[in-house]
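Worksheet for the structure shown next.
Because the structure is predicted, anything quoted here is derived from the model rather than measured. Within every chain, numbering begins at 1; the chains are lettered A, B, ... in the order of the sequence lines, protein sequences first and strands thereafter. Computed over heavy atoms, backbone and side chain alike; hydrogens, waters and symmetry mates excluded.
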Amino acid sequence: MLALDRVGKTYPNGVHALERFSASIKLGEIVAIIGGSGCGKSTLLRAIAGLDRATTGTVTLDDIAITAPHAKIGIIFQEPRLLPWLSVADNIGFGLSELSAAARREKVARALDRVGLADKANAWPRELSGGQAQRVAIARALVPQPEVLLLDEPFSALDAFTRRDLQDHLLDLWNDTRPTLMLVTHDVDEAVVLADRVLVMRPRPGRLFEEIKINLARPRDRNSPHFDNFKRRVLTALDRSLDRNVPDADAKSTTGEAMWW
Amino acid sequence: MAMTVELPALERTEATTPETKASSARLRRYAGPALGLLLPVGLALAWEIAVWAGLSNGRLVPPPTKIFATMVELAKSGELSRHIIATLSRVASGFVIGVVAGTLFGAISGYWGLARRLLDPTVQALRAIPSIAWVPLFILWLGIFETSKVALIAVGVFFPVYLGVMGAISSVDRKIVEVGRTFRLSGPAMIRRILLPAVLPAYVVALRVGLGLGWMFVVAAEFMGASEGLGYLLIDGQQLGKPAQIVAAIVIFAILGKTTDWLIEIATAPLLRWQDAFGGRSGAA
Ligand SMILES: Nc1ncnc2c1ncn2[C@@H]1O[C@H](COP(=O)(O)OP(=O)(O)OP(=O)(O)O)[C@@H](O)[C@H]1O
Ligand SMILES: [Mg+2]
């Protein structure tokens with residue numbers, strides 16, 4: 001279980017990015033985090049990944065305090081961040097250096113197959129399309145079989161079709177080993193398609209605003225009335241999370257809203 | 001859906017390009033250098049004909065055959081290889097020392113911000129000194145023989161390598177370093193698996209610039225009293241009025257400089273195949 005206990009972060013420059021964020025997330029659960037720009041979503045994810053340290057509160061995974069990157073926690077960023085000097089196969093095998101070469105090759109081959117890029121094993125990252133590159137990044141993060149996989153707007157740089165494709169693909173991969181997924185997104189559709197639970201955050205300082213359970217069986221039909229219903233609920237929560245903030249900065253909130261419609 | 005629509009189109013372009021790419025590459029490989037050779041070869045030929053036709057006596061500007069004859073003569077007596085070896089070994093040792101020192105200091109300055117603030121201003125100040133200005137001091141300190149010559153070459157090589165390494169390390173993408181951190185690479189593993197490959201392209205450029213300066217400085221070094229070396233051939237040719245010998249030495253400098261640069265390029269090309277840069281491809285052509 002991943003437990004966030006009153007996690008807070010104040011950057012050295014004085015920005016109060018995150019305040020008392022608490023949540024506990026069961027193994028295998030998919031949680032989407034959604035909220036206005038600058039409300040501390042990336043900050044939260046980086047603290048869970050151990051890339052940055054929370055200034056207050058604790059992140060614990062199965063009673064182990066996370067203060068530095070941990071083997072059981074993987075992260076996928078908005079950009080694929082592939083290493084340009086390694087082939088696609090070597091990129092996927094990057095986190096498997098403890099394994100023997102044969103074992104690594106086998107795991108990488110299986111992962112390549114699983115993300116549908118078996119024919120690209122020896123390609124350079126520069127030869128991939130954006131969607132293919134992000135699939136390689138997903139394979140790289142999943143191959144060491146993390147218990148928790150964090151995703152920070154992983155599909156936001158992709159076109160709508162490719163994004164849907166990868167959302168379905170991600171669910172498919174998740175089904176293999178059922179890790180905990182924690183996904184930051186600006187796309188309400190994406191949140192409702194993927195998540196068991198949507199956490200809506202509000203800015204200045206970033207904190208948890210509302211929690212919406214998505215009680216829909218998988219696979220989910222994007223066109224069903226239930227789906228629409230949940231989408232509307234998330235949108236309403238988002239609206240409210242920002243409305244209280246209008247006197248603070250209205251220019252910012254309108255640009256933020258444009259991202260959800 | 002989008003993928004299945006896109007794939008055939010991609011394959012089609014891939015299927016058609018190899019042929020056109022191969023033929024145009026072949027054309028570029030031969031036509032490029034041939035075109036570049038046109039001007040110097042044409043001029044040499046014209047001059048040869050002019051001297052042969054008696055339009056000029058060719059005493060101050062010797063015709064190509066005379067230069068070639070001088071080279072052959074020098075080669076036969078064993079003089080040429082002695083001079084080439086002398087110069088090459090000076091450049092080689094100066095280059096090695098300069099590269100080692102430049103890499104070391106550049107890496108330290110690039111890696112630790114504190115070291116950069118401590119070290120870099122001094123190095124930059126030293127860099128502002130025209131390196132030839134060191135010559136008298138080096139001769140006083142290290143004597144007139146090999147040591148001072150190698151030191152001067154090493155100084156010339158040091159600065160571009162130092163700057164290249166420092167700039168490359170300090171500008172390694174933080175995002176890529178974070179990938180290493182999420183996979184919990186130790187310090188040495190981070191250097192070996194992330195930093196070294198990331199700085200390699202800039203390092204190769206720095207090495208090539210350094211080598212170019214090494215060749216420049218070996219001439220200066222050999223002007224300050226040498227009894228052998230290509231620079232000595234230049235001075236000797238001037239003092240004894242042998243322009244053919246001077247031009248011959250210059251041509252050999254050009255050949256050696258180009259060859260050693262090309263060797264670095266060839267040796268590092270397999271390591272840089274991944275590069276997605278316009279410069280990478282035009283450099284190889
Ligand atoms: N390294 C940093 N140093 C100082 N302040 C930072 C840093 N990173 C983020 N911040 C600030 O912290 C706040 C939260 O940033 P964060 O990146 O977590 O937002 P976000 O919710 O991920 O936004 P977005 O949706 O635009 O990605 C912002 O006000 C931002 O300016
Ligand atoms: Mg963010």
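- Atom CZ of B/Phe105 has 12 or fewer heavy atoms from other residues, nucleotides or ligands within 6.0 Å.
- Separation of atoms CZ (B/Arg184) and CD1 (A/Ile73) is listed at 10.0 Å; rounding is to 0.5 Å.
- Residue A/Ala68: no heavy atom, backbone or side chain, is found under 4.5 Å from chain B.
- With a 4.5 angstrom heavy-atom cutoff, B/Ala189 does not touch chain A via any of its atoms.
- Both the backbone and the side chain of B/Ile194 come within contact range of chain A, each with at least one heavy atom under 4.5 Å from a heavy atom of that chain.
- If you measure heavy-atom distances from A/Pro125 to chain B, you find no contacts under 4.5 Å at all.
- In plain terms, the two heavy atoms of B/Ile176 and A/Trp85 that are nearest each other are CG2-CH2, 4.1 Å.
- No part of A/Leu86 comes within reach of chain B, as not one of its non-hydrogen atoms sits under 4.5 angstrom from that chain.
- Residue A/Phe77 touches chain B through its side chain alone, counting heavy-atom pairs closer than 4.5 Å.
- Judged by distance alone, with hydrogens and angles left aside, the side-chain atoms of B/Arg181 form a donor-acceptor pair with the main-chain N or O of A/Leu51 at under 3.5 Å.
- The part of A/Arg46 that comes within reach of chain B is its side chain, from C-beta onward, which places non-hydrogen atoms under 4.5 angstrom from that chain.
- Contacts of A/Arg140 with chain B are made by both backbone and side-chain atoms, with heavy-atom separations under 4.5 Å.
- Remark: A/Leu96 CG to B/Phe183 CZ distance equals 8.0 Å, nearest 0.5 Å.
- Between the side chain of B/Arg193 and the backbone N or O of A/Phe94, at least one donor-acceptor pair lies under 3.5 Å.
- No more than 12 heavy atoms of other residues, nucleotides or ligands lie within 6.0 Å of CG in A/Asp63, so this atom counts as exposed by the packing criterion.
- Contacts between A/Glu127 and chain B at a heavy-atom distance below 4.5 Å are absent for every atom of the residue.
- Residue A/Arg164 qualifies as open at atom CZ: its count of foreign heavy atoms under 6.0 Å is 12 or below.
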